[in-house]
Visitor: 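If you scroll down you'll find the structure; I have some questions about it.
Here, residue 1 is the first one in the sequence, and each next residue gets the next number. Because the structure is predicted, anything quoted here is derived from the model rather than measured.
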Amino acid sequence: MSPWLLHLYCLYINNLILTIAFGDLSDDQEDITSFALSCDDEMLVTASRALLLKQWDWRQANCTRSWRAIHTVPVASMTFDSTSTLLATGGCDGTIKLWDVVKQYCTHNLKGSSGVVHLVQFHPNTDLLQLFSSSLDCGIRIWDLRSSQCVSVLQSHYSAVTSLSFSPDGNTMVSSGRDKICTVWDLKTRKAKRTVPVYEAVEGVVILPGSTDLTEIGVKSKDLHFITAGSKGVLRVWEASTARCVYTQTLPSTLPSASEEDENDNPRSLTYLFHLPASARLATVTAEHNILLYQLPALTTQQQFVGYSDEVLDVKFLGKGDSHIVVATNSCQLKVFELLTNSCQILYGHTDTVLTLDVFKKGSLFASCAKDRSVRVWHMDSDSGQVRCVAQGSGHTNAVGSIACSRMKASFVATGSQDCTVKVWDLPADCSAEGGIRQLTARATEKAHDKDVNSVAVSPNDKLLASGSQDRTAKLWSLTGEGTVGLLGVFRGHRRGVWAVCFSPVDQVLATTSADGTAKLWSLQDFSCLKTFEGHDASVLKVIFVSRGTQLLTSGSDGLVKLWTIKTNECVKTLDAHQDKVWGLHASRKDDKMVTGSADSNITVWSDVTEIEMAEEQAKQEDQILKQQELSNLLHGKKYLKALGLAISLDQPHTVLTVIKAIREGENSSELLEKTLLKLRQDQKESLLRYCVVWNTNARNCLNAQAVLQVLLTHLPPEELLQYQGARSHLEGLIPYTERHMQRIGRLLQASMFLNYMWQKMRVAGAPSR
């Protein structure tokens with residue numbers, strides 16, 4: 001991590017190092033096992049399973065140097081010293097190598113550790129030339145780099161040592177371990193000053209700077225304080241002299257604390273802790289691969305990045321101007337991303353996998369449903385962007401797999417469940433975040449289908465409800481009755497289960513998609529099928545109307561998103577950006593963007609470029625018209641050189657042929673043609689030679705082609721001609737047709753000579769002889 005936090009570096013198992021600002025660095029040979037960034041932000045070094053060390057220019061994503069690591073097994077840890085000239089690598093073979101990265105050679109080979117060396121760290125005071133390391137024996141070894149000897153082994157921990165932190169003066173060190181203790185060491189005497197029981201497996205420890213006012217997090221004295229991160233998933237501040245916890249980070253109100261039993265499997269447990277002194281921030285990494293940034297002195301959350309999304313089940317635009325997206329992944333948490341910065345909020349509340357989402361018209365309220373049989377309504381604050389749960393309801397007897405919000409105003413939500421029922425829930429009048437979490441009550445419940453309800457949709461006027469089911473039917477319901485949902489009709493025609501239903505925003509039609517690979521359009525008047533759209537190779541999972549109801553967007557299990565024009569039944573565009581089922585599909589309120597989410601863990605935001613492409617095409621046509629007019633003027637003024645150059649730049653062989661014909665029809669045509677062609681640039685001559693190959697295939701144009709070839713072959717040396725792009729293939733293409741033309745001219749000459757001979761020998765009958 002950059003000390004100023006301008007960039008983040010993350011290790012992925014598929015041999016990528018990602019820098020959030022610049023892209024990724026890929027090692028195609030083997031998985032990367034460890035990496036380190038120099039303190040001056042200039043060098044990034046990676047170690048791979050192929051036992052290679054690679055030095056990267058990460059700004060250009062180029063590998064500038066690679067060398068053998070000398071270790072007999074992969075490198076487990078590495079670090080730079082504060083001068084960015086020495087690199088230490090700890091191997092799984094129990095050895096530590098030190099490298100001079102400037103002069104490019106190995107300076108030390110330190111032996112004596114038992115097992116994997118999982119931690120190496122230089123003493124901050126470079127004059128001491130000391131290296132600290134830890135391996136499977138749970139001791140902390142101090143190496144004197146002048147003598148290459150281990151001068152001391154600090155014994156205190158009974159489990160793996162996970163982190164070391166040094167005081168600013170370099171005389172005190174705090175070590176943390178998974179044995180639920182932290183030890184404060186006096187480095188002058190190399191003895192433990194105090195053992196602090198922290199009651200959790202600690203993965204990271206940082207000594208807090210004494211020069212900063214940190215009273216907001218319990219630091220009331222000048223004594224040594226340090227902060228820990230571990231299996232409980234919270235940051236805690238400890239006073240070293242009293243071994244007392246003076247501050248514990250508070251979790252969100254919807255987030256229960258981890259118990260002793262589930263600490264080992266706690267998804268919120270912290271696995272790394274970094275201090276960024278230049279920007280007074282702390283960075284933590286969770287077991288779910290999320291990166292959180294906290295600002296000192298109050299430990300306020302600044303940003304959060306999600307490292308892995310798992311299977312994306314649904315995604316929707318959210319917020320004023322569609323500035324955010326809310327994502328349901330294969331987990332019980334919701335993720336809200338700010339599109340501009342990629343920063344993420346994680347929303348806790350559901351206790352099982354969230355299946356689908358829907359957003360109310362204004363974009364600040366949205367609803368979610370999950371396998372835990374519950375429905376939740378969330379509110380986003382328009383100023384801060386913070387999201388809170390404002391209402392929840394439960395009543396279904398099985399997983400709730402579909403949800404739809406009222407369209408006109410935030411008055412109700414409709415849900416469909418695997419218990420084959422549809423419920424309509426009334427929303428409280430005030431859905432602001434101040435009033436706490438309110439309880440939703442179902443105003444109507446209806447046994448809707450014989451199998452799972454896969455999708456529900458509310459009409460634009462809030463009077464109709466559509467449902468689609470695994471029983472291969474879609475149904476239309478009336479919402480105008482008090483406390484009831486009335487059946488109006490059934491849409492039958494799909495051969496497999498119906499995955500999605502959607503009302504048109506402008507017409508009285510309903511769109512449905514099915515596992516039979518089709519999308520259908522139905523009339524709300526007589527429930528008949530109006531159109532069928534076929535093109536997907538597998539189940540069609542989602543459908544939405546775009547372009548003011550004139551087009552459909554569908555997504556399928558084949559990973560494709562297709563755009564259909566309803567009037568012509570034609571698929572006008574196929575978008576291929578996913579490798580697995582596309583479960584999420586949503587358009588922005590302005591209809592200028594859409595977002596897709598897939599089981600391949602990718603979320604893609606698309607922009608509508610129709611107007612841009614039309615403007616570009618119109619500008620191109622206007623430019624062509626202007627150039628055509630200019631060409632006509634040049635031909636009329638007999639400015640053949642400029643006309644020929646313009647025709648070649650337009651890449652119009654027929655127009656070039658017209659110019660050649662115009663030159664050959666004038667006086668002194670041979671001299672004029674020769675003079676004009678020889679003044680062309682080399683790239684223009686290359687194009688002319690390419691055109692001649694095409695002209696030469698036609699008997700009507702072969703004379704013009706041969707005239708051009710005569711000039712080129714006569715005045716250009718063979719060496720220059722062969723340097724032209726594709727010259728050899730062009731000349732090979734000219735030979736057979738030229739021979740054919742010569743044979744035809746030969747036969748014509750013979751026939752004309754025979755005709756002339758016959759004419760000379762013919763006499764008019766009865767004419768006197770001379």
Visitor: Ignoring hydrogens and angles, tell me if any N or O in the side chain of Asp591 forms a donor-acceptor pair with the backbone of Val546 under 3.5 Å.
Guide: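 Checked: no pair found.
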Visitor: Evaluate the side-chain contact (heavy atoms from CB on, under 4.5 Å) criterion for residues Val498 and Phe491: first the C-alpha distance (whole Å), next the side-chain angles of each, then the deciding distance (0.1 Å), finally the verdict.
Guide: CA-CA 10 Å; Val498 177; Phe491 304 96; over 6 Å; no
Visitor: Minimum heavy-atom separation for Thr655 and Ala647, please, with both atom names.
Guide: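 Closest pair (atom of Thr655, atom of Ala647, distance): CG2-CB, 3.9 Å.
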Visitor: Go through Val354 and Leu313 one step at a time and tell me if the side-chain contact (heavy atoms from CB on, under 4.5 Å) criterion holds.
Guide: CA-CA 8 Å; Val354 181; Leu313 301 181; over 6 Å; no
Visitor: Can you check side-chain contact (heavy atoms from CB on, under 4.5 Å) on Trp695 and Val656, steps first, answer last?
Guide: CA-CA 11 Å; Trp695 300 337; Val656 177; 3.6 Å; yes
Visitor: Looking at Val509, is its backbone amide N or carbonyl O close enough to the side chain of Ser523 to form a donor-acceptor pair, meaning the two atoms are under 3.5 Å apart?
Guide: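 Pair absent, no side-chain N/O of Ser523 close to backbone of Val509.
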Visitor: Tell me every residue that passes side-chain hydrogen bond (donor to acceptor under 3.5 Å, both in side chains) with Ser406, counting only those two or more places apart in sequence or in another chain.
Guide: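 Ser406 satisfies side-chain hydrogen bond (donor to acceptor under 3.5 Å, both in side chains) with no residue once adjacent residues are dropped.
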Visitor: Counting C-beta onward and ignoring hydrogens, is there a side-chain heavy-atom pair between Leu357 and Ser368 closer than 4.5 Å?
Guide: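 Of all side-chain heavy-atom pairs linking Ser368 with Leu357, at least one is under 4.5 Å.
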Visitor: If you draw a 6.0 Å radius around CD in Glu611, do more than 12 non-hydrogen atoms from other residues or ligands fall strictly inside?
Guide: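 For Glu611, atom CD is not crowded (no more than 12 foreign heavy atoms under 6.0 Å).
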Visitor: Could you measure the distance from the OG1 atom of Thr353 to the CD atom of Gln333? Nearest 0.5 Å is fine.
Guide: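 Here the rounded value is 10.0 Å.
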Visitor: Using every non-hydrogen atom in the two residues, find where Trp477 and Ser467 come nearest and quote the distance to one decimal.
Guide: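 In this case the closest contact between Trp477 and Ser467 is NE1-OG, 2.9 Å.
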Visitor: Return the OG1 to NZ distance between Thr329 and Lys335, rounded to the nearest 0.5 Å.
Guide: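 Interatomic distance, Thr329 OG1 to Lys335 NZ, rounded to 0.5 Å: 3.5 Å.
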Visitor: Does any N or O in the side chain of His324 come within less than 3.5 Å of the main-chain N or O of Gly319, such that one atom is a donor and the other an acceptor?
Guide: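 Checking the backbone N and O of Gly319 against the side chain of His324, no donor-acceptor pair under 3.5 Å is found.
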Visitor: Okay, side chain of Thr518, backbone of Phe533: is any donor-acceptor separation there less than 3.5 Å?
Guide: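 Side chain of Thr518 to backbone of Phe533: no pair is present.
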Visitor: Starting at NE2 of His379, measure out to SG of Cys389 and round the result to the nearest 0.5 Å.
Guide: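 His379 NE2 to Cys389 SG: 12.5 Å, rounded to 0.5 Å.
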Visitor: Quick one: CG on Leu292 to CZ on Phe305, what's the gap to the nearest 0.5 Å?
Guide: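 These two atoms lie 10.0 Å from each other.
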Visitor: Say whether, by atom type as modelled, one donor and one acceptor occur between the side chain of Asp462 and the main chain of Met408 under 3.5 angstrom.
Guide: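 Answer holds: yes.
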Visitor: Just by modelled atom types, is the Ser588 backbone N or O under 3.5 Å from a matching donor or acceptor in the Asp322 side chain?
Guide: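 Not a single qualifying donor-acceptor pair exists.
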Visitor: How are the rings of Trp583 and Trp499 set to each other: parallel, tilted or perpendicular (split at 30° and 60°)?
Guide: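 Because their plane-to-plane angle is over 60°, the rings of Trp583 and Trp499 count as perpendicular.
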Visitor: With a 4.5 Å heavy-atom cut-off, do Phe366 and Ile403 have their side chains touching?
Guide: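 No, too far: nothing below the 4.5 Å cut-off.
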Visitor: Enumerate the salt bridge (Lys or Arg N to Asp or Glu O under 4.0 Å) contacts for residues 499-526, please, sequence neighbours excluded, ordered by first and then second residue.
Guide: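 Found none.
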Visitor: Do you know which two heavy atoms are closest between Lys593 and Ser607, and how far apart they sit?
Guide: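 Of all heavy-atom pairs spanning Lys593 and Ser607, the closest is CG-OG, 4.1 Å.
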Visitor: Kindly say whether Thr351 contributes a backbone atom to a donor-acceptor pair with the side chain of Asp372 at under 3.5 angstrom?
Guide: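 A pair under 3.5 Å: yes.
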Visitor: Minimum heavy-atom separation for Ala577 to Asp600, with atom names?
Guide: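 Where Ala577 meets Asp600 most closely, the heavy atoms are O-OD2, 4.4 Å.
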Visitor: Go through the structure and list residues passing ring pair (Phe, Tyr, Trp, His ring centres under 6.0 Å) with Phe360, not counting sequence neighbours.
Guide: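 Result, ring pair (Phe, Tyr, Trp, His ring centres under 6.0 Å) vs Phe360: none returned.
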Visitor: Could you tell me which non-hydrogen atom of Arg589 sits nearest to which non-hydrogen atom of Lys361, and how far apart they are?
Guide: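 Result for this residue pair: CD-O, 3.2 Å.
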Visitor: Is there side-chain contact between Gln618 and Glu622, with at least one heavy-atom pair below 4.5 Å?
Guide: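 In contact.
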Visitor: Can you tell me how far OG1 of Thr480 sits from CG of Leu488, rounded to the nearest 0.5 angstrom?
Guide: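 So the CG of Leu488 and the OG1 of Thr480 are separated by 8.0 Å.
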Visitor: If we only count heavy atoms from C-beta on, is the Leu465 to Phe412 side-chain gap below 4.5 Å?
Guide: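 A side-chain contact is absent here, since even the closest heavy-atom pair is not under 4.5 Å.
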Visitor: How about Lys371: does its NZ atom have over 12 heavy atoms from other parts shown lying under 6.0 Å from it?
Guide: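 For Lys371, atom NZ is not crowded (no more than 12 foreign heavy atoms under 6.0 Å).
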Visitor: Is a side-chain donor or acceptor of Thr604 paired with a backbone partner of Thr596 at a separation under 3.5 angstrom?
Guide: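 The answer is no, because no donor-acceptor pair under 3.5 Å joins these two groups.
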Visitor: Show me the side-chain donor-acceptor pairs of residues 420-428 shorter than 3.5 Å, one per line, residues at least two apart or across chains.
Guide:
| from | atom 1 | to | atom 2 | distance (Å) |
| --- | --- | --- | --- | --- |
| Thr421 | OG1 | His396 | ND1 | 3.3 |
| Thr421 | OG1 | Asp419 | OD1 | 2.6 |
| Thr421 | OG1 | Asp419 | OD2 | 3.4 |
| Lys423 | NZ | Thr445 | OG1 | 3.0 |
| Trp425 | NE1 | Thr415 | OG1 | 2.9 |
| Asp426 | OD1 | Arg443 | NH1 | 2.8 |

Visitor: List the atom pairs, with distances to 0.1 Å, where a side-chain N or O of residues 551-561 and a protein N or O form a donor-acceptor pair under 3.5 Å, not counting sequence neighbours.
Guide:
| from | atom 1 | to | atom 2 | distance (Å) |
| --- | --- | --- | --- | --- |
| Gln551 | OE1 | Ser547 | OG | 2.7 |
| Gln551 | NE2 | Thr565 | OG1 | 3.4 |
| Thr554 | OG1 | His536 | NE2 | 2.8 |
| Thr554 | OG1 | Trp564 | NE1 | 2.9 |
| Ser555 | OG | Val582 | O | 3.1 |
| Asp558 | OD1 | His536 | ND1 | 3.4 |
| Asp558 | OD1 | Leu560 | N | 3.2 |
| Asp558 | OD2 | His536 | ND1 | 3.3 |
| Asp558 | OD2 | Asp537 | N | 3.2 |

Visitor: Using only atom types and a distance under 3.5 Å, with no angle test, would you say the side chain of Asp452 pairs donor to acceptor with the backbone of Gln470?
Guide: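 No; judged by distance alone, with no hydrogens or angles, the pair does not exist.
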Visitor: Starting at CG of Asp314, measure out to CG of Leu355 and round the result to the nearest 0.5 Å.
Guide: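 The distance works out to 9.5 Å.
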Visitor: For residues Asp580 and Ser598, is any side-chain donor paired with an opposing acceptor at under 3.5 Å?
Guide: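 No pair is found: no donor N or O on one side chain lies under 3.5 Å from an acceptor on the other.
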Visitor: Looking only at heavy atoms, which two atoms of Gly535 and Lys562 are closest? And how far apart?
Guide: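 What the structure gives for the nearest pair is O-CE, 3.5 Å.
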Visitor: Do Asp358 and Arg407 meet the salt-bridge criterion of a basic N to acidic O distance under 4.0 Å?
Guide: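 Yes, this pair counts.
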Visitor: For a 4.5 angstrom cut-off between non-hydrogen side-chain atoms, does Lys451 reach Ser469?
Guide: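 Yes - at least one pair of side-chain heavy atoms lies under 4.5 Å apart.
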Visitor: A side-chain contact here means heavy atoms from C-beta on lying under 4.5 Å apart; do Leu524 and Leu510 qualify?
Guide: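 When only atoms from C-beta onward are counted, Leu510 and Leu524 do touch, with a gap below 4.5 Å.
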Visitor: If you count the non-hydrogen atoms of other residues, nucleotides and ligands that lie under 6.0 Å from NZ in Lys567, is the total more than 12?
Guide: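 No.
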Visitor: Using modelled atom types and a 3.5 Å cut-off, is there a donor and acceptor pairing between side-chain atoms of Ser343 and backbone atoms of Gln303?
Guide: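 No.
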Visitor: So, using side chain to side chain contact (heavy atoms under 4.5 Å, CB included) as the criterion, who are the partners of Ser687 when residues are at least two apart?
Guide: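 Checked Ser687 against side chain to side chain contact (heavy atoms under 4.5 Å, CB included); matches are Ile648, Arg690, Tyr691.
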